[in-house]
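These numbers were taken from a predicted model, which means no experiment stands behind them. In this chain, numbering begins with 1 at the start of the sequence shown. Values below: all heavy atoms of this structure, side chains included; hydrogens, waters and symmetry mates excluded.
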Amino acid sequence: MTVLRTAQIILLLFITIACSDDEPFTIISTPSENSVRLSAIEVGQKSTFLRYTAECGDNFEFTGDSLYLSVFQSDNAFIFEEKISESSFGVQASPIRYEVQKKEGYLLIPDRSASALFFFYGNDTIFFNKPADVQLRQENCKLVYPSSDVFIGEEIGQVDMYQLGSLRVIQKTAVSCVPGFMNMDAYLMYDEYLYLSHSDIGGQISGWFLVQ
């Protein structure tokens with residue numbers, strides 16, 4: 001994808017914000033028919049994510065960097081390709097490819113270490129039909145248990161709403177990072193599609209938000 005395409009997506013976001021009937025300055029993802037559907041991946045599907053940064057409660061911004069997630073096939077395996085647009089430093093990142101396996105009720109990602117979206121996820125499995133273990137809520141910028149302890153563990157969580165800056169996700173499944181990984185709090189939020197890949201290291205937040 002080109003810098004022009006990235007600019008078009010960002011312009012679309014600003015139009016969405018300005019015209020939203022829901023709440024001013026709020027963006028909610030709307031996957032397209034061809035977006036990567038985690039629960040039913042097919043060759044040719046593509047999703048676009050925008051990178052954001054923030055400090056908890058302040059300085060939220062989209063950086064202008066885009067990540068394009070595409071589905072390919074090699075032999076009997078599906079392949080995810082992540083390609084990042086030109087950064088603010090004018091550097092074109094090389095595409096990253098890794099194998100994914102479509103199973104009944106879940107997606108298996110054996111090696112996530114090179115992925116910008118899934119690198120922190122401690123499990124190799126993303127479940128779709130498994131009931132949530134716990135109801136989560138947002139406290140400041142973190143997801144927490146009913147006890148107010150930060151959500152880091154093996155459980156599958158349910159989130160009614162998570163909002164940061166101008167982005168919002170509603171009624172999503174959430175899974176977290178490996179406990180103690182890089183002293184990070186990090187979450188994937190998804191249903192059939194991945195909506196948010198979010199990490200927080202000492203209040204310095206960054207992530208990828210699905211725009212189409």
Side-chain angles (χ1 to χ4, degrees), residues 29 36-41 47 49 51-54 56 67 69-71 77-84 93 95-164 167 169-210:
S29 296
V36 177
R37 188 178 175 190
L38 298 179
S39 61
I41 57 173
S47 288
F49 296 82
R51 185 171 183 265
Y52 62 88
T53 59
C56 192
L67 185 152
L69 178 65
S70 304
V71 181
F78 285 100
I79 302 295
F80 275 179
E81 179 188 86
E82 297 178 12
K83 184 176 181 180
I84 298 176
I96 298 297
R97 289 192 169 199
Y98 50 95
E99 180 181 320
V100 296
Q101 299 173 20
K102 182 167 65 172
K103 304 291 185 178
E104 184 66 33
Y106 65 94
L107 185 70
L108 194 66
I109 312 178
D111 183 2
R112 306 161 304 287
S113 58
S115 169
L117 296 172
F118 301 104
F119 73 95
F120 56 77
Y121 184 39
N123 199 327
D124 60 3
T125 307
I126 297 180
F127 291 100
F128 303 109
N129 302 322
K130 192 173 181 180
D133 300 307
V134 62
Q135 183 70 36
L136 303 171
R137 62 183 174 83
Q138 182 176 353
E139 186 173 290
N140 297 318
C141 297
K142 300 183 186 298
L143 292 180
V144 300
Y145 295 102
S147 64
S148 293
D149 291 332
V150 175
F151 176 54
I152 298 178
E154 292 294 330
E155 298 93 347
I156 297 174
Q158 174 67 31
V159 182
D160 288 336
M161 185 177 76
Y162 183 86
Q163 184 154 349
L164 181 70
L167 65 83
V169 293
I170 298 173
Q171 294 292 327
K172 297 294 178 281
T173 297
V175 291
S176 65
C177 62
V178 177
F181 179 65
M182 296 174 60
N183 195 29
M184 174 191 291
D185 297 309
Y187 321 109
L188 301 174
M189 300 185 203
Y190 67 95
D191 49 25
E192 293 183 294
Y193 305 90
L194 177 65
Y195 290 84
L196 201 68
S197 174
H198 174 94
S199 62
D200 178 344
I201 303 177
Q204 298 298 311
I205 293 169
S206 65
W208 299 96
F209 177 68
L210 176 69

Inset, instruction - Measure the acute angle between the ring planes of Phe128 and Tyr190, then classify it against the limits of 30° and 60° as parallel, tilted or perpendicular. - result: perpendicular
Inset, instruction - Return the minimal non-hydrogen interatomic distance between Gln158 and Gln135, and the atom names on each side. - result: O-NE2, 3.3 Å
Legend entry - For Phe78 against Val71, the heavy-atom pair lying closest together: CD2-CG1, 3.8 Å
Inset, instruction - Taking the side chain as every heavy atom from C-beta outward, state whether Leu167 and Leu196 have any pair of such atoms under 4.5 Å apart. - result: yes
Legend entry - Point-to-point distance, once rounded to the nearest 0.5 Å, from CE of Met189 to OG of Ser29: 11.5 Å
Inset, instruction - Check whether any side-chain N or O of Ser176 sits under 3.5 Å from a backbone N or O of Gly153 as a donor-acceptor pair, and report yes or no. - result: yes
Inset, instruction - Quick one: do Leu107 and Thr125 satisfy side chain to side chain contact (heavy atoms under 4.5 Å, CB included)? Show the steps, please. - result: CA-CA 6 Å; Leu107 185 70; Thr125 307; over 6 Å; no
Legend entry - Closest heavy-atom pair and its distance - Ile41, Val100: CD1-CG2, 3.6 Å
Legend entry - Min side-chain heavy-atom separation Leu210-Ser47 under 4.5 Å: yes
Legend entry - Point-to-point distance, once rounded to the nearest 0.5 Å, from CD1 of Ile201 to CE of Met184: 3.5 Å
Legend entry - Ala116 backbone acceptor or donor facing Glu82 side chain under 3.5 Å: yes
Inset, instruction - Answer whether the closest heavy-atom distance between the side chains of Ser113 and Phe120 falls below 4.5 Å. - result: no
Legend entry - Side chain Asn140, main chain Lys142, donor-acceptor under 3.5 Å: no
Legend entry - Gap between atom OH of Tyr193 and atom CG of Leu69 - 0.5 Å precision: 13.0 Å
Legend entry - Leu194 versus Phe49, closest heavy-atom pair with distance: O-CE2, 3.4 Å
Legend entry - Residue pair Lys83 / Ser70, side-chain heavy-atom distance below 4.5 Å: no
Legend entry - Modelled atom types, side-chain donor and acceptor of Tyr145 and Glu155, under 3.5 Å: yes
Legend entry - Glu154, CD atom: more than 12 neighbouring heavy atoms under 6.0 Å: no
Legend entry - Check: Leu143 main-chain N/O paired with Tyr187 side-chain donor or acceptor under 3.5 Å: yes
Inset, instruction - Look at the side chain of Arg51 and the backbone N and O of Ser206, then say whether any donor-acceptor pair between them is shorter than 3.5 Å. - result: no
Legend entry - Side-chain heavy-atom pair Val175, Asn123 within 4.5 angstrom cut-off: no
Legend entry - Salt-bridge present (Arg137, Asp160; N to O < 4.0 Å): no
Legend entry - Pairwise side-chain contact, Asp111 with Glu99, heavy-atom cut-off 4.5 Å (strictly under): no
Inset, instruction - Examine distances only and state if a side-chain atom of Thr53 and a backbone atom of Ile205 form a donor-acceptor pair shorter than 3.5 Å. - result: no
Legend entry - Asp133 side chain vs Ile156 backbone, donor-acceptor pair below 3.5 Å: yes
Legend entry - Close side-chain approach of Leu117 to Leu67, heavy-atom, < 4.5 Å: yes
Inset, instruction - Would you name the heavy atoms of Ala174 and Val159 that are closest together and state the gap between them? - result: CB-CG2, 3.6 Å
Inset, instruction - To the nearest 0.5 Å, tell me how far Leu188 CG sits from Lys172 NZ. - result: 14.0 Å
Inset, instruction - Please lay out, stage by stage, how Tyr98 and Ile109 fare under the test side chain to side chain contact (heavy atoms under 4.5 Å, CB included). - result: CA-CA 8 Å; Tyr98 50 95; Ile109 312 178; 3.9 Å; yes
Inset, instruction - Could you label the plane-to-plane angle of the Phe118 and Phe80 rings as parallel, tilted or perpendicular, counting under 30° as parallel and over 60° as perpendicular? - result: parallel
Legend entry - Ser199 side chain vs Ala186 backbone, donor-acceptor pair below 3.5 Å: no
Inset, instruction - Assess whether side chain to side chain contact (heavy atoms under 4.5 Å, CB included) is satisfied between Phe119 and Tyr121, documenting all intermediate values. - result: CA-CA 6 Å; Phe119 73 95; Tyr121 184 39; over 6 Å; no
Inset, instruction - Kindly say whether the aromatic ring centers of His198 and Phe209 come within a distance under 6.0 Å. - result: no
Legend entry - Min side-chain heavy-atom separation Asp149-Val144 under 4.5 Å: no
Legend entry - From OG (Ser115) to CD1 (Ile96), nearest 0.5 Å: 9.0 Å
